Amino acid sequence: MSQAILDFMMEDHHRLDGIFAKMENAKNVAEAKKYFIEFNYGLRRHIVWEEKIFFPIFEKKKGLTRGGPTEAMRADHKEIKKLLEGIHDCVAGESAKEFKKIKKFEEDFRDLISTHNFKEEQMLYGWIDDVLDDKEKKNIFKEVENVSPEEYEKCCE
Ligand SMILES: [Fe+2]
Ligand SMILES: [Fe+2]
């Protein structure tokens, strides 16, 4: 059985981790903002893929309505978005004073995203791969390509 979704999504986690690390190492607020915009855009796109495409087909195949692993992941996404807003507010105005508050948000974010990604990579993505055949996966990746940027394009301009 191929592991298309696991591989694809794990690679995106790693790509996003790289951008996040650049933001954490930024020397000033303008630099942090530049990486935050890229990170925010990429992570929101990733969450849209999960919540609008991968999770619903898994829930349908498993007959899940309430509870279950996807509901827990959706709850994590809500917390993740709150922290993204917190980081957003630290860089949006490009003020050095606000920028000083970013570290706490970055630490909380890192803790949350590392457990979240671990759960997805170690369990959920593999389960999603298992319930789909190759043809279904092919169709799903077409849907991924067709997601409109309007669904996730939000940033601190
Ligand atoms: Fe997720
Ligand atoms: Fe993910």
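Here the structure is a predicted model, which is why all the values come from computation and not from measurement. Numbering of ligands and ligand atoms starts at 1, following listing order.
- For His13, the ring-ring contact (aromatic ring centres under 6.0 Å, His included) criterion is met by His46, Tyr125, not counting sequence neighbours.
- Counting only distance, with no hydrogens or angles, the side chain of Glu136 and the backbone of Asp133 share a donor-acceptor pair below 3.5 Å.
- Listed for the Asp129 side chain is a donor-acceptor partner under 3.5 Å among the backbone atoms of Ile5.
- Near-neighbour remark for the Fe ion (ligand 2): protein N, O or S atoms under 2.8 Å are His13 NE2, His46 NE2, Glu50 OE2, Glu120 OE1, Tyr125 OH; waters not counted.
- In terms of modelled atom types and a separation under 3.5 Å, the side chain of Lys34 and the main chain of Met23 share no donor-acceptor contact.
- Distances from the Fe ion (ligand 1) to the N/O/S atoms of His77 are shortest for NE2.
- Aromatic ring pairs are classed by plane angle as parallel below 30°, tilted from 30° to 60° and perpendicular above 60°; the pair Phe20 and Phe39 is tilted.
- More than 12 non-hydrogen atoms from other residues, nucleotides or ligands lie less than 6.0 angstrom from CZ of Arg74.
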